[in-house]
S.K.: 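Dumping the structure here so I can ask a few things about it.
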Amino acid sequence: EPEVTQTPSHQVTQMGQEVILRCVPISNHLYFYWYRQILGQKVEFLVSFYNNEISEKSEIFDDQFSVERPDGSNFTLKIRSTKLEDSAMYFCASGYRGRSDGYTFGSGTRLTVV
Amino acid sequence: KQEVTQIPAALSVPEGENLVLNCSFTDSAIYNLQWFRQDPGKGLTSLLLIQSSQREQTSGRLNASLDKSSGRSTLYIAASQPGDSATYLCAVRTTANTGNQFYFGTGTSLTVIP
(Lines give C-alpha, C1' and ligand atoms only; values in the text may rest on other atoms or scores of the structure.)
Protein backbone atom coordinates (compact mmCIF):
# COMPACT_ATOMS: atom_id res chain seq x y z
CA GLU A 1 0.00 0.00 0.00
CA PRO A 2 1.34 3.48 -0.86
CA GLU A 3 2.86 5.40 2.03
CA VAL A 4 3.70 8.94 2.99
CA THR A 5 7.35 9.01 4.02
CA GLN A 6 8.80 11.53 6.47
CA THR A 7 12.42 12.21 7.29
CA PRO A 8 14.08 12.42 9.70
CA SER A 9 12.09 10.44 12.26
CA HIS A 10 13.65 12.45 15.09
CA GLN A 11 15.50 15.76 15.01
CA VAL A 12 17.11 17.61 17.86
CA THR A 13 17.97 21.25 17.28
CA GLN A 14 19.15 24.17 19.33
CA MET A 15 16.83 27.06 20.01
CA GLY A 16 17.14 29.70 17.32
CA GLN A 17 18.23 27.29 14.61
CA GLU A 18 16.33 26.60 11.41
CA VAL A 19 15.01 23.13 10.63
CA ILE A 20 13.58 21.57 7.51
CA LEU A 21 11.24 18.63 7.83
CA ARG A 22 10.83 16.51 4.73
CA CYS A 23 7.93 14.52 3.37
CA VAL A 24 7.40 12.43 0.27
CA PRO A 25 3.63 12.25 -0.33
CA ILE A 26 1.90 9.49 -2.25
CA SER A 27 2.80 10.00 -5.88
CA ASN A 28 -0.62 10.69 -7.43
CA HIS A 29 -1.91 12.80 -4.56
CA LEU A 30 -2.61 16.46 -5.18
CA TYR A 31 -3.29 17.86 -1.70
CA PHE A 32 -0.65 18.11 0.98
CA TYR A 33 -0.83 19.01 4.63
CA TRP A 34 1.21 19.56 7.75
CA TYR A 35 -0.14 18.94 11.23
CA ARG A 36 1.57 18.93 14.58
CA GLN A 37 0.97 17.29 17.93
CA ILE A 38 2.51 18.69 21.07
CA LEU A 39 3.01 15.93 23.61
CA GLY A 40 -0.27 15.13 25.36
CA GLN A 41 -2.28 17.52 23.22
CA LYS A 42 -4.53 17.34 20.18
CA VAL A 43 -3.32 17.00 16.63
CA GLU A 44 -3.49 20.53 15.20
CA PHE A 45 -3.71 21.71 11.61
CA LEU A 46 -0.89 23.88 10.32
CA VAL A 47 -1.24 24.27 6.57
CA SER A 48 -2.67 22.79 3.39
CA PHE A 49 -1.03 23.05 -0.02
CA TYR A 50 -2.51 22.55 -3.46
CA ASN A 51 -1.44 23.49 -6.96
CA ASN A 52 1.88 24.79 -5.68
CA GLU A 53 0.44 27.23 -3.24
CA ILE A 54 -0.92 27.41 0.28
CA SER A 55 -4.68 26.92 0.23
CA GLU A 56 -5.31 27.28 3.93
CA LYS A 57 -3.31 27.91 7.09
CA SER A 58 -4.03 28.09 10.77
CA GLU A 59 -3.11 30.86 13.19
CA ILE A 60 -0.21 28.69 14.32
CA PHE A 61 1.35 28.93 10.86
CA ASP A 62 2.91 32.36 11.18
CA ASP A 63 5.95 33.90 9.50
CA GLN A 64 8.20 31.46 11.32
CA PHE A 65 6.89 28.67 9.10
CA SER A 66 7.04 28.08 5.37
CA VAL A 67 6.28 25.19 3.04
CA GLU A 68 7.62 24.25 -0.32
CA ARG A 69 7.30 21.57 -2.94
CA PRO A 70 10.66 22.11 -4.59
CA ASP A 71 10.82 19.24 -7.05
CA GLY A 72 7.39 17.74 -7.58
CA SER A 73 7.93 14.92 -5.14
CA ASN A 74 9.18 16.33 -1.83
CA PHE A 75 7.06 18.53 0.40
CA THR A 76 8.96 20.42 3.07
CA LEU A 77 8.15 22.37 6.20
CA LYS A 78 10.73 24.94 7.25
CA ILE A 79 10.73 26.33 10.75
CA ARG A 80 12.93 29.37 11.21
CA SER A 81 14.42 30.45 14.52
CA THR A 82 13.02 27.51 16.48
CA LYS A 83 11.63 27.99 19.97
CA LEU A 84 11.26 25.54 22.82
CA GLU A 85 7.51 25.45 22.25
CA ASP A 86 8.02 24.21 18.70
CA SER A 87 8.94 20.83 20.16
CA ALA A 88 6.28 18.47 18.86
CA MET A 89 5.57 15.62 16.49
CA TYR A 90 5.06 16.98 12.99
CA PHE A 91 2.92 14.97 10.62
CA CYS A 92 2.72 15.26 6.88
CA ALA A 93 -0.39 14.02 5.09
CA SER A 94 -1.59 13.81 1.52
CA GLY A 95 -4.89 13.26 -0.23
CA TYR A 96 -6.06 12.81 -3.78
CA ARG A 97 -9.34 14.59 -4.20
CA GLY A 98 -9.41 17.17 -1.46
CA ARG A 99 -12.33 17.47 0.89
CA SER A 100 -14.19 14.36 -0.12
CA ASP A 101 -11.18 12.19 0.54
CA GLY A 102 -9.56 11.04 3.70
CA TYR A 103 -5.90 11.60 4.34
CA THR A 104 -2.92 9.32 4.45
CA PHE A 105 -0.53 10.39 7.18
CA GLY A 106 3.18 9.84 7.46
CA SER A 107 4.77 8.41 10.58
CA GLY A 108 5.89 11.83 11.75
CA THR A 109 9.06 13.69 12.69
CA ARG A 110 9.65 14.25 16.37
CA LEU A 111 11.25 17.67 16.73
CA THR A 112 12.99 18.45 20.00
CA VAL A 113 14.21 22.01 20.53
CA VAL A 114 16.78 22.34 23.31
CA LYS B 1 -14.83 26.86 15.82
CA GLN B 2 -15.41 23.12 15.74
CA GLU B 3 -14.66 21.36 19.03
CA VAL B 4 -14.27 17.58 19.05
CA THR B 5 -14.48 15.58 22.25
CA GLN B 6 -13.81 11.90 22.79
CA ILE B 7 -15.08 9.86 25.70
CA PRO B 8 -13.71 7.99 27.51
CA ALA B 9 -10.16 9.29 27.56
CA ALA B 10 -8.91 5.82 28.43
CA LEU B 11 -10.44 2.38 28.32
CA SER B 12 -9.16 -1.01 29.43
CA VAL B 13 -10.99 -4.19 28.41
CA PRO B 14 -10.28 -7.92 28.46
CA GLU B 15 -9.56 -9.58 25.14
CA GLY B 16 -12.64 -10.66 23.23
CA GLU B 17 -14.94 -7.91 24.43
CA ASN B 18 -16.88 -5.69 22.09
CA LEU B 19 -16.43 -2.00 22.78
CA VAL B 20 -17.64 1.42 21.71
CA LEU B 21 -15.63 4.62 21.48
CA ASN B 22 -17.47 7.90 21.36
CA CYS B 23 -16.81 11.12 19.51
CA SER B 24 -18.89 14.29 19.71
CA PHE B 25 -18.56 17.53 17.80
CA THR B 26 -20.10 20.93 18.38
CA ASP B 27 -20.82 22.00 14.79
CA SER B 28 -23.14 19.53 13.09
CA ALA B 29 -22.45 21.04 9.66
CA ILE B 30 -19.73 18.54 8.90
CA TYR B 31 -18.42 17.44 5.53
CA ASN B 32 -17.00 14.12 6.67
CA LEU B 33 -15.43 12.38 9.65
CA GLN B 34 -12.41 10.12 9.80
CA TRP B 35 -11.32 7.69 12.50
CA PHE B 36 -7.61 7.12 13.00
CA ARG B 37 -5.47 4.85 15.09
CA GLN B 38 -2.23 6.09 16.64
CA ASP B 39 0.35 3.78 18.12
CA PRO B 40 2.77 5.26 20.71
CA GLY B 41 5.29 7.56 19.04
CA LYS B 42 3.96 6.73 15.61
CA GLY B 43 1.88 8.27 12.87
CA LEU B 44 -1.83 8.14 12.27
CA THR B 45 -3.35 5.16 10.49
CA SER B 46 -6.65 5.79 8.78
CA LEU B 47 -9.38 3.36 9.83
CA LEU B 48 -12.63 4.61 8.36
CA LEU B 49 -13.85 7.69 6.51
CA ILE B 50 -17.56 8.43 6.74
CA GLN B 51 -19.15 11.10 4.57
CA SER B 52 -21.84 13.39 5.97
CA SER B 53 -24.50 11.66 3.84
CA GLN B 54 -23.62 8.24 5.27
CA ARG B 55 -24.85 6.67 8.48
CA GLU B 56 -22.13 4.08 8.89
CA GLN B 57 -19.03 2.48 7.45
CA THR B 58 -17.60 -0.94 8.15
CA SER B 59 -14.16 -2.44 7.78
CA GLY B 60 -13.54 -5.88 9.21
CA ARG B 61 -14.20 -5.80 12.96
CA LEU B 62 -14.67 -2.02 12.91
CA ASN B 63 -17.92 -0.18 12.41
CA ALA B 64 -18.25 3.61 12.53
CA SER B 65 -21.61 5.31 12.78
CA LEU B 66 -22.48 8.94 12.29
CA ASP B 67 -25.41 10.92 13.64
CA LYS B 68 -24.84 14.37 12.24
CA SER B 69 -27.87 16.02 13.78
CA SER B 70 -26.83 15.09 17.31
CA GLY B 71 -23.14 15.72 16.62
CA ARG B 72 -21.97 12.20 17.41
CA SER B 73 -20.00 9.35 15.96
CA THR B 74 -19.17 5.99 17.46
CA LEU B 75 -16.48 3.48 16.63
CA TYR B 76 -17.49 -0.07 17.44
CA ILE B 77 -14.74 -2.68 17.74
CA ALA B 78 -15.89 -6.27 17.79
CA ALA B 79 -14.05 -9.10 19.51
CA SER B 80 -11.17 -6.92 20.68
CA GLN B 81 -7.60 -8.21 20.47
CA PRO B 82 -4.39 -7.11 22.24
CA GLY B 83 -3.18 -5.75 18.89
CA ASP B 84 -6.05 -3.25 19.00
CA SER B 85 -4.31 -1.46 21.87
CA ALA B 86 -3.63 2.08 20.66
CA THR B 87 -5.05 5.59 20.80
CA TYR B 88 -8.09 6.15 18.61
CA LEU B 89 -8.68 9.61 17.22
CA CYS B 90 -11.68 11.02 15.45
CA ALA B 91 -11.40 14.04 13.19
CA VAL B 92 -14.06 16.09 11.43
CA ARG B 93 -14.14 18.47 8.50
CA THR B 94 -16.78 21.17 8.61
CA THR B 95 -18.64 22.77 5.74
CA ALA B 96 -18.14 26.16 7.34
CA ASN B 97 -14.86 26.71 5.60
CA THR B 98 -13.64 25.96 2.11
CA GLY B 99 -10.49 24.22 3.23
CA ASN B 100 -9.60 20.67 3.94
CA GLN B 101 -8.47 20.79 7.52
CA PHE B 102 -9.58 18.24 10.03
CA TYR B 103 -10.36 19.11 13.63
CA PHE B 104 -9.12 16.34 15.89
CA GLY B 105 -10.39 15.03 19.17
CA THR B 106 -8.12 14.28 22.12
CA GLY B 107 -8.37 10.55 21.58
CA THR B 108 -9.30 7.45 23.52
CA SER B 109 -6.41 5.32 24.73
CA LEU B 110 -7.46 1.68 24.47
CA THR B 111 -5.74 -1.19 26.26
CA VAL B 112 -6.88 -4.72 25.48
CA ILE B 113 -5.72 -7.14 28.17
CA PRO B 114 -4.83 -10.67 27.02
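None of the values given here were measured: they were computed from a predicted structure.
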S.K.: Flag the pair Tyr35(A) / Phe102(B) as yes when their ring centroid distance falls below 6.0 Å, and as no otherwise.
M.R.: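 That pair fails the under 6.0 Å test.
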S.K.: So which atom in Tyr103(A) and which in Gln101(B) form the shortest heavy-atom distance, rounded to 0.1 Å?
M.R.: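 So the minimum-distance heavy-atom pair works out to OH-CA, 3.6 Å.
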S.K.: Distance from Lys42(A) atom NZ to Gln6(B) atom CD, nearest 0.5 Å?
M.R.: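 Going from the NZ atom of Lys42(A) to the CD atom of Gln6(B) covers 8.5 Å.
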S.K.: Would a hydrophobic clustering, with Ile, Leu, Val, Met, Phe, Trp and Tyr connected at side-chain separations under 4.5 Å, put Val4(B) with Leu66(B)?
M.R.: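 Yes, one cluster joins them.
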S.K.: Under the salt bridge (Lys or Arg N to Asp or Glu O under 4.0 Å) test, which residues partner Asp67(B), sequence neighbours left out?
M.R.: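 Partners of Asp67(B) under the salt bridge (Lys or Arg N to Asp or Glu O under 4.0 Å) test: none.
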S.K.: Please say yes or no: joined through hydrophobic side-chain contacts below 4.5 Å, possibly via intermediate residues, are Val113(A) and Ile79(A) part of one cluster?
M.R.: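 Same cluster.
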S.K.: Can you tell if the side chain of Gln38(B) reaches within under 4.5 Å of the side chain of Phe91(A), non-hydrogen atoms only?
M.R.: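 Yes. Closest side-chain heavy atoms under 4.5 Å.
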S.K.: Applying salt bridge (Lys or Arg N to Asp or Glu O under 4.0 Å), name anything that partners Asp86(A), two or more places apart in sequence or on another chain.
M.R.: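 In terms of salt bridge (Lys or Arg N to Asp or Glu O under 4.0 Å), with neighbours along the sequence ignored, Asp86(A) is linked to no residue.
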S.K.: Side-chain heavy atoms under 4.5 angstrom apart, residues restricted to Ile, Leu, Val, Met, Phe, Trp, Tyr: same cluster for Met15(A) and Tyr90(A)?
M.R.: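 Same cluster: Met15(A) reaches Tyr90(A) through Ile, Leu, Val, Met, Phe, Trp or Tyr contacts under 4.5 Å.
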S.K.: Going hydrophobic residue to hydrophobic residue with side-chain gaps under 4.5 angstrom, can you get from Val43(A) over to Tyr33(A)?
M.R.: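 Yes; Tyr33(A) is reachable from Val43(A) via cluster members.
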S.K.: Less than 4.5 Å to any heavy atom of chain A: does that hold for the side chain of Thr106(B), its backbone, both, or neither?
M.R.: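 For Thr106(B), heavy atoms of backbone and side chain both lie under 4.5 Å from chain A.
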S.K.: Identify which part of Tyr50(A) has an atom lying under 4.5 Å from any heavy atom of chain B, answering side chain, backbone, both or neither.
M.R.: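 Interface part for Tyr50(A): neither.
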S.K.: Using heavy-atom distances under 4.5 Å, tell me whether Leu33(B) contacts chain A through its side chain, its backbone, both, or neither.
M.R.: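 Answer is neither: Leu33(B) stays 4.5 Å or more from chain A.
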S.K.: In terms of heavy-atom pairs under 4.5 Å with chain B, which of Gln37(A), Glu44(A), Gln6(A) leads?
M.R.: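 Most heavy-atom pairs within the cutoff with chain B belong to Gln37(A).
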